[in-house]
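What follows is a set of notes on a single structure, which appears directly below.
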Amino acid sequence: MKRRDFLKGVAVAGAAASVTGGLGMMPKAAYAGQKVDFGQVKSVKVDVLSETSWFDNAIFKKNIMDYGGGMTNQYDIPWDWDNAGGYMTKITVTPLEGEPKVFLMDTGWNNDWVDYIYDEKSDMGKLLTSKEVDTMILSHWHLDHYWGIESTLKRNPKITMIAPKTYYPEDMKLLKGGTNIAKTKDGKEVVINKNNVPHEGKLMLTDPKGEDGSGIYKIMPGMAVKMYDVPILLRVRGENVLYFNVKDKGVVTVTGCCHPGILTLNAWARRNVKDYQPYGCYGGLHISLFETWDPKFDDIIKGVKAFKLTKVGCNHCTGWIWADKAAQAGVPVVKGTNKYKTYKKYSTMAKANNVFLTNGDTVVF
Amino acid sequence: MLIDIVFEGVFMDQDLENGGKFNYLYGLINLVVVFCIVWFLWYLFMHADGVMKLYTPMYGFSLVAVLLASVILLSKVLGWPGDGEKALNAGSAIGKGILGTVIALAIMYFVYYVVFWQFIGGLGVAYFSPGALVAGGGTGAEPWNAREWASTAILYFSTAFLWWALVWNLGFGRWPWQKDGPWVVGFSKLIVVSFFAVITFAVMFHPHVCILFPEAQKMVGAQAWWEVWAETGSAFWGLGLVLCTLFWVVFCDLFWEGRPFTLMDKDGDGTFLRGIVTFLVTLALGLLLITVLTKVFNAIWLEPYQGGQYTDGPDWRYIHMGEVSGFCVLFAFIWKNYFNNFPNGLPLIPRAVIRSLIGVAGGLLIYWFYYSSLSNFFLGKVAGWAQPDDQPLVWTLLFLSVVLIQSEFFHNWPLRIARRDK
């Protein structure tokens with residue numbers, strides 16, 4: 001055993017031994033030993049079904065702040081329904097041999113918006129109904145990624161769902177076919193989500209240990225899910241991340257919000273994936289969520305450049321301002337198009353520079 | 001009576017300050033009561049399900065930092081209400097305690113909302129005032145963001161002030177105003193401490209907060225000079241360093257009773273040499289502590305890298321070092337006030353070493369509490385490390401403020417005064 005591993009072991013064991021109950025979240029360490037080989041895929045195509053979880057930053061933020069800030073339970077906030085959209089991604093994976101397979105990542109928030117996206121702006125509704133899409137990866141239990149679950153289940157209630165094990169009772173209540181209610185400041189009760197179609201399919205709950213202690217869950221050759229048990233705002237915990245190993249290119253990550261950090265994802269792969277080569281990423285990167293700036297966001301630009309990613313597709317909680325500054329600084333940001341303008345609603349933050357992959361855009365790795 | 005024997009033998013100890021016996025059971029009860037008061041205050045002001053919901057987090061963070069700075073300003077810089085011996089009865093202690101608390105809150109309110117928001121921020125340095133920031137416009141410059149940013153700046157300044165106030169007391173003491181009256185000493189120290197706090201803020205924190213909103217105002221401040229080795233442009237590096245330095249200042253002051261720096265005293269008071277040496281040595285020890293904690297954190301979370309988030313972020317590692325120091329500082333004051341700085345019957349060095357070891361162990365105990373499921377219940381915290389909206393120092397500083405208010409303004413009533421009356 002190397003000295004470093006020994007120290008890690010001592011530190012982690014000491015912390016774990018000293019803590020009983022709900023703390024069991026001591027980070028990393030355990031998987032830094034043997035490198036994993038989860039195969040390769042020929043290509044990965046990502047279609048942006050919807051990255052507009054909400055349409056107006058100011059309203060969304062006001063909802064949070066009016067009810068206690070970032071540590072508030074998301075189920076305690078009577079969200080502004082008109083501002084709700086949702087995050088959903090269609091992922092088409094082409095294996096080295098055989099036919100492409102389509103996956104759904106996340107299921108949005110506002111059912112009206114999700115239905116509109118599924119039926120009018122994409123073929124996802126048909127793919128769900130025909131069971132061609134039989135697996136959904138839930139990145140995390142945030143409202144904008146999960147509360148639209150009824151729209152998916154009414155098309156395919158038996159869909160296999162891969163979700164972080166760090167759910168709360170309210171999350172499971174919704175999945176089983178329930179309604180959650182929040183109170184406004186004047187005591188009025190408001191329905192904040194509902195689901196009339198109980199989930200009947202397989203629910204696969206992920207944890208950081210992965211399958212057999214490897215740290216990952218292999219979905220198909222070249223595709224794996226890894227769960228990061230990180231605390232997230234609005235009392236949520238844990239995020240599933242998709243890893244792809246694209247032949248002749250390298251590792252690609254696909255995320256919902258990427259709360260653990262894009263560099264953490266690549267640092268883990270660098271330490272743990274056999275023959276790791278950095279290549280690209282897609283998803284929300286959770287940086288300048290509310291279009292503010294901080295020196296640490298400059299740090300992330302420098303870090304992404306240092307990690308030598310060659311294809312950075314970002315949107316959602318990344319922050320337009322970060323994507324713009326990153327592109328100016330030489331980060332290979334994949335530009336989007338103006339397709340989003342053909343949708344019935346779009347974000348107030350959308351800008352002409354198209355540094356976001358927005359609704360209707362596609363990126364291929 | 002058996003209970004009396006137990007109390008005398010186990011719970012009682014010589015009370016160095018008051019020349020009598022100290023009852024540890026009363027100390028423990030006092031601590032539990034203070035914990036409950038802090039819990040109540042947390043629910044009232046900070047808790048996400050509470051009343052005021054100020055834990056945004058930076059607004060609440062800066063408010064408790066200014067509260068603590070106000071308590072320190074009044075008690076340690078201005079020297080009010082002075083020697084506890086003057087308040088040997090409970091009535092006097094309660095009166096002074098209430099008055100001191102009210103004055104400290106008034107100072108906090110005045111400094112925070114009038115001096116920072118209206119005067120300095122409104123008329124000069126915009127990043128101290130949410131209103132001035134919003135008026136200046138720019139992407140993201142709306143009231144909530146602006147208040148968070150102004151709060152960050154105020155927090156940084158308060159930290160610089162706390163550093164200089166405490167290190168000045170430990171090092172320079174009353175120098176060079178030994179022959180002057182208490183108010184001359186107090187206000188002279190206030191001016192000097194404020195002066196050095198301004199310099200410290202300009203060098204260590206301004207390069208962070210001056211960037212404001214996109215596009216970053218890079219011409220307003222120097223590029224963060226610490227980035228080369230700290231691997232972050234965030235001033236959390238400076239925050240961590242100051243708090244790691246304060247760890248040594250407080251431990252030296254409380255546990256080592258001012259040694260070894262008091263060896264340089266002249267006529268029982270501070271000197272210029274003692275001041276300079278104290279400043280430099282505690283700063284060096286602060287850097288040493290950062291180095292040690294860097295290695296410990298690297299062993300647990302592996303090496304951080306520029307741009308890393310959560311536990312991988314160098315910026316988080318630095319503020320976490322400050323949080324660890326903050327836990328130890330809090331415990332040091334708890335040990336001093338509620339456990340009579342046990343042990344007291346040994347020569348200085350062994351008793352100081354034992355206290356220091358207890359202090360570190362106590363800090364780790366608080367660390368355990370904060371990151372255990374207990375804090376989920378008491379504080380409404382989400383389990384885990386490094387959530388960007390989780391700032392452990394807020395609860396720590398609030399706790400410390402209450403402890404100091406009791407010790408400095410209430411002369412530790414009812415713990416010590418009540419027993420003396422008896």
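In what follows, chains are A, B, ... by sequence order, proteins preceding strands, each numbered from 1. Quantities reported herein were computed from a predicted structural model and do not represent experimental measurements.
Side-chain contact between A:Leu233 and B:Gln387 is present, with at least one heavy-atom pair separated by less than 4.5 Å. B:Tyr305 places a side-chain heavy atom less than 4.5 Å from the side chain of A:Thr264. Between A:Asp76 and B:Asp49, the closest side-chain pair of non-hydrogen atoms falls below 4.5 Å.
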(Q) One pair to check against side-chain contact (heavy atoms from CB on, under 4.5 Å): B:Asp390 and A:Met71. What are the steps and the verdict? (A) CA-CA 8 Å; B:Asp390 179 20; A:Met71 300 291 262; 4.1 Å; yes

Q: Report the C-alpha separation of B:Tyr310 and A:Tyr228 in whole Å, then their side-chain angles, then the decisive distance to 0.1 Å, and conclude whether the ring pair (Phe, Tyr, Trp, His ring centres under 6.0 Å) test is met.
A: CA-CA 11 Å; B:Tyr310 279 81; A:Tyr228 288 86; 9.8 Å; no

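Interface remark: B:Gln223 contributes side-chain atoms only to the contact with chain A (heavy atom separation under 4.5 Å). Looking at B:Gln306, the atoms closer than 4.5 Å to chain A (heavy atoms on both sides) sit in the backbone and in the side chain alike. Proximity to chain B is absent for every atom of A:Leu265, based on heavy atoms less than 4.5 angstrom apart. For B:Leu212, the part lying near chain A is the backbone, with the side chain staying farther off; criterion is any non-hydrogen pair under 4.5 Å. With a threshold of 4.5 angstrom between heavy atoms, A:Lys325 approaches chain B through side-chain atoms but not through N, CA, C or O. Residue contact with chain B, scored on non-hydrogen atoms closer than 4.5 Å, involves the side chain of A:Ile321 exclusively. Contacts of A:Val304 with chain B are absent, with no heavy-atom separation under 4.5 Å from either backbone or side chain.
Here A:Pro260 is the residue among A:Pro260, A:Ala306, A:Ala267 with the most heavy-atom pairs under 4.5 Å with chain B. In terms of heavy-atom pairs under 4.5 angstrom with chain B, the leader among A:Phe297, A:Trp320, A:Phe307 is A:Phe307.
To the nearest 0.5 Å, atoms OG1 (B:Thr56) and CD1 (A:Ile64) are separated by 12.0 Å. Atom CG of A:Asn57 is separated from atom CH2 of B:Trp144 by 11.0 Å, given to the nearest 0.5 angstrom. Atom OG1 in B:Thr139 sits 15.5 Å away from atom CZ in A:Phe290 (nearest 0.5 Å).
Nearest heavy atom pair, residue B:His208 against residue A:Asp294, reads NE2-OD2, 3.2 Å. Minimum heavy-atom separation, A:Pro295 to B:Ser234: CB-N, 3.7 Å. Taking all atoms of both residues into account, the shortest heavy-atom contact from B:Val382 to A:Pro231 is CG1-CB, 3.8 Å. Residues B:Asp315 and A:Lys296 share a closest heavy-atom pair of OD2-CD, 3.2 Å. Looking at every heavy atom in both residues, A:Asp299 comes nearest to B:Thr232 through OD2-OG1, 2.5 Å.
Remark: the backbone N or O of A:His286 is paired with a side-chain donor or acceptor of B:Gln309 at under 3.5 angstrom. Between the side chain of A:Tyr67 and the backbone N or O of B:Ala48, no donor-acceptor pair lies under 3.5 Å. Proximity of a side-chain donor or acceptor of A:Asp298 to a complementary backbone N or O of B:Gly233 within less than 3.5 Å is not detected.
Checking B:Asn145 against A:Thr292 by side-chain atom types alone, no donor-acceptor pair falls below 3.5 Å.
Remark: A:Lys302 engages B:Glu227 in a salt bridge, criterion side-chain N to carboxylate O under 4.0 Å.
Residue B:Phe40 places its CZ atom among 12 or fewer non-hydrogen atoms of other residues, nucleotides or ligands, all under 6.0 Å distant. Sparse packing is recorded around NZ of A:Lys165, with 12 or fewer heavy atoms of other residues, nucleotides or ligands lying under 6.0 Å away.
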